[in-house]
Each structure stands twice: as structure tokens, then as C-alpha cells.
Amino acid sequence: MAFREKGSAIIIKTPEQIEGIRRSAQLAASALKEVAPYVKAGVTTEFLNNICRDFIKDHGAVAATVGYNGYKHETCISLNDVICHGIPGKYTLRDGDILNIDVTTILNGYYGDTSTMFTVGEITEHAQKLINATRECLRIGIAQCRPGNRVGNIGYEINKYATSLGYSVVYEFCGHGVGIRFHEEPEVSHVADKDTGPVMQAGMIFTIEPMINAGKARAKVDKRDGWTARTIDGKLSAQFEHTILVTPTRPDVLSDISNEYPKP
Ligand code: MF3
Ligand code: CO
Ligand code: CO
């Protein structure tokens, strides 16, 4: 996330809100599924954005990013050393590229936010390992979601795992409460001290969206466009994001449409 509304309490969602947010998150995930077959060498990132744009529109939703603090596109597409907030444009995909596509939908007023990694042609083993580790970081974070546990333990466990593999965790961008607005409380850092932060309760909905770097953790935002966040050392970065509901039993991954996560 880029800008957070501070000082507001964490919203406990009603059953009606939960179902609305679930539908929106599933639509966002469906847009990523729709675009997947188009991710190939020779296409521009703008073309991929437009596939998502049309899909979202055709399903009666709008992209939350359009007009958000001046952002103009329906997706963020972050390639290789871009950590997040990559702007879709004229760049043509090449063999060996790795990219994250991030979609946030507003459907019937409810926000759903998810992103995933794509690969172009043959990628290096180094890149594949980073992607696999980042997917695992998200899974580890989600496994911390239960009432009574503290939000900080999400970042604590993610950071512990990522650094054990020699990777670093981006601390300048975080997950966030989501659903009624784009960026709600709580802030979900992917690096945190054990047993810190707000206590989770059933009915909370937030994203977990770890950005994991092959090299140094620091991010540098492009001065010319004001958005594109890159690694400072030019090394690769990967990210996965889900929208998650805390329930009394297991976490409900609202943006999971491929049954990767068991339902509560
Ligand atoms: N979808 C991003 C997130 O996960 C936010 C993108 S904001 C934008 O929080 F303006 F860059 F699009
Ligand atoms: Co998000
Ligand atoms: Co997102």
C-alpha cells in the first residue's frame, strides 16, 4: 500500500459485508486468472493491464487504483527489480522476466485486493526459488491469522523464514485492512517483532502481501513517475497478495479461487 488512513479503528465486518468483500476479492482473483494465458514474450504490460481492465468492467466492477492518489491504471505490474507499484506501459515482455500483477476491485462498494507472480518463458533457477519462497512467506503469514494472535506475528514469521533463506523483506510497504475502503487499519508489516501489534479478532479482513528481495531490503521510488518502487541494488523482488478474513477456526482466504487454501 502507498498511503494509509491513520487513526481509524479496525473495522469488524458484518456477515453481509464479508460476503460482499468475498465476491469482490474473487473477482480480482478471476481477473488474474483471465490475464494468465496472455502473459508471454512480446506483449506489453499495457496490453495485460487492458485485459484486466476489460474483465473488471465486464463484471460490473471498477478498479480501485484508478484515481487513487493520482494513479491512472487498473493494475500495478511490477517486473524483475520492481518491488511494487509498477506502471503498465510500453515495455514488451521478454524471456526470463518475472512479474507481479496486482488487482484491486470495487464491486458493489466492496474492495478486494490480490496479486500474483507470472513468469515469461524460461526463468533462472534463482528467480524461481525467490518466487517459491515468496509464495511460502504468504502462506506462513496466513497461518498466523486467528483470533487472539497479534498482527505482528505475521511479519515476525515471514521475516524469520525469508531471512533464513538469505532473502530480505521490504519494510517500506505493508499489508492493510481492506473491504470498506482500499486501505484501512491495521497496517500489516511483513517484518515485525514477536507478539506486537493489534490483537486479531474474528471478522477482521486485511491483506498480507509480502515483498521479498533477493538482495537488500531497501526500496527506492522512481523520481520521474512517483510510483515505481525498485530494489536499490537492482536485484530481483517478488510479491504475492491475498485478502484474508479472520474466523474462529482457520483463516478464510477470500481471494483464493484455486482452492490452494482449505476453507474454514
Ligand atoms: N494494490 C496495491 C496494494 O496491494 C496498492 C496499489 S495503489 C496504486 O495495496 F495506486 F499504486 F495502484
Ligand atoms: Co494491498
Ligand atoms: Co494489491
Side-chain angles (χ1 to χ4, degrees), residues 1-6 10-11 21 24-33 35 45-46 48-50 52-53 56 61-79 82-89 99-107 110-118 134-135 137-138 141-142 145 151 154-155 158 169-190 204-212 219-222 224-230 237-245 253-257:
M1 64 158 238
F3 306 93
R4 188 166 55 101
E5 293 179 37
K6 289 216 182 219
I10 301 175
I11 303 169
I21 297 162
S24 188
Q26 301 224 328
L27 182 63
S30 301
L32 295 176
K33 192 174 174 185
V35 76
T45 54
E46 187 171 65
L48 299 176
N49 176 77
N50 293 348
C52 294
R53 177 196 64 193
I56 292 165
V62 295
T65 51
V66 176
Y68 177 77
N69 292 116
Y71 195 80
K72 292 188 172 62
H73 303 265
E74 287 79 5
T75 64
C76 295
I77 304 189
S78 303
L79 275 124
V82 178
I83 295 169
C84 63
H85 302 166
I87 300 177
L99 58 148
N100 172 281
I101 305 183
D102 191 332
V103 173
T104 311
T105 45
I106 312 173
L107 179 65
Y110 296 113
Y111 291 72
D113 191 5
T114 184
S115 80
T116 195
M117 294 299 293
F118 297 91
T134 307
R135 189 189 291 104
C137 282
L138 175 55
I142 290 173
C145 296
V151 169
I154 296 168
I158 288 172
V169 180
V170 173
Y171 53 86
E172 287 151 296
F173 302 95
C174 301
H176 49 92
V178 70
I180 308 301
R181 296 190 306 275
F182 195 165
H183 292 119
E184 303 171 4
E185 295 289 324
E187 179 174 284
V188 181
S189 176
H190 306 103
M204 287 183 181
I205 296 178
F206 49 76
T207 72
I208 303 179
E209 48 183 297
M211 287 144 273
I212 307 299
K220 186 179 75 216
V221 175
D222 190 304
R224 290 156 301 178
D225 66 31
W227 285 104
T228 311
R230 292 190 183 80
S237 185
Q239 180 179 28
F240 287 87
E241 175 176 26
H242 271 312
T243 294
I244 296 128
L245 165 71
V253 182
L254 301 181
S255 49
D256 177 25
I257 56 166

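FYI, the numbering just counts along the sequence from 1. One-based numbering, in listed order, for ligands and for the atoms of each.
- Looking at ligand 1, you won't find any N or O of His85 less than 3.5 Å from one of its N or O atoms.
- In terms of heavy atoms, Gly175 sits closest to Thr207 at CA-OG1, 3.2 Å.
- The two residues Cys137 and Ile158 have their closest heavy-atom pair at O-CG1, 3.3 Å.
- The N, O or S atom of Glu241 lying closest to the Co ion (ligand 2) is OE2.
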For Ile11 and Glu185: C-alpha separation, side-chain torsions, deciding distance, then whether side-chain contact (heavy atoms from CB on, under 4.5 Å) applies.
CA-CA 8 Å; Ile11 303 169; Glu185 295 289 324; over 6 Å; no
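- In this structure, Thr243 contributes its side chain and Asp113 its backbone to a donor-acceptor pair below 3.5 Å.
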Check step by step if side-chain hydrogen bond (donor to acceptor under 3.5 Å, both in side chains) holds for Thr75 and Asn49.
CA-CA 6 Å; Thr75 64; Asn49 176 77; 2.7 Å; yes
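- For His183, the heavy-atom gap to ligand 1 drops under 4.0 angstrom.
- Considering just the N/O/S atoms of Asp113, the one nearest the Co ion (ligand 2) carries the name OD2.
- Close approach of ligand 1 to Cys76 (heavy-atom distance below 4.0 Å) involves ligand atoms 6 (C), 8 (C), 11 (F), 12 (F).
- If you look at Glu209 and ask which of its N, O or S atoms sits nearest the Co ion (ligand 2), the answer is OE2.
- When only interatomic distances are considered, the shortest N/O to N/O separation between Thr104 and ligand 1 falls below 3.5 Å.
- At least one N or O atom of Asp102, backbone or side chain, sits closer than 3.5 Å to an N or O atom of ligand 1.
- When distances to the Co ion (ligand 2) are checked against a cut-off of 2.8 Å, Asp102 contributes no N, O or S atom below that limit.
- Aromatic rings from Phe240 and His242 are positioned such that their centres are separated by 6.0 Å or more.
- Under a 3.5 Å cut-off, the side chain of Ser24 and the backbone N or O of Thr105 do form a donor-acceptor pair.
- Within the structure, ligand 1 lacks Thr207 among the residues with a heavy atom less than 4.0 angstrom away.
- Neither the backbone nor the side chain of Asn69 comes within contact range of ligand 1; no heavy atom lies under 4.0 Å.
- In terms of polar-atom proximity, Glu209 is counted as a contact of ligand 1, with an N or O under 3.5 Å from an N or O of the ligand.
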Run the numbers on Ile212 and Val169 for side-chain contact (heavy atoms from CB on, under 4.5 Å), then give the verdict.
CA-CA 5 Å; Ile212 307 299; Val169 180; 3.8 Å; yes
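- Against a heavy-atom cut-off of under 4.0 Å, Asp113 is close to the following atoms of ligand 1: 1 (N), 3 (C), 4 (O), 9 (O).
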Checking side-chain contact (heavy atoms from CB on, under 4.5 Å) for the pair His176/Glu209: CA distance, chi angles, key distance, verdict?
CA-CA 9 Å; His176 49 92; Glu209 48 183 297; 3.0 Å; yes
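- Distances from the Co ion (ligand 2) show that His176 has an N/O/S atom below 2.8 Å.
- Judged by distance alone, with hydrogens and angles left aside, the side-chain atoms of Thr45 form a donor-acceptor pair with the main-chain N or O of Gly89 at under 3.5 Å.
- With a 4.0 Å heavy-atom cut-off, ligand 1 is reached by the side chain of His176 but not by its N, CA, C or O.
- Shown in contact with Trp227 at under 4.0 Å from a heavy atom are these atoms of ligand 1, numbered in order with element: 8 (C), 10 (F), 11 (F).
- The aromatic rings of Tyr68 and Trp227 sit tilted, their planes meeting at an angle between 30° and 60°.
- Which of Tyr111, Phe182, Phe173 comes nearest to atom 5 (C) of ligand 1 through a heavy atom is settled by distance: it is Phe182.
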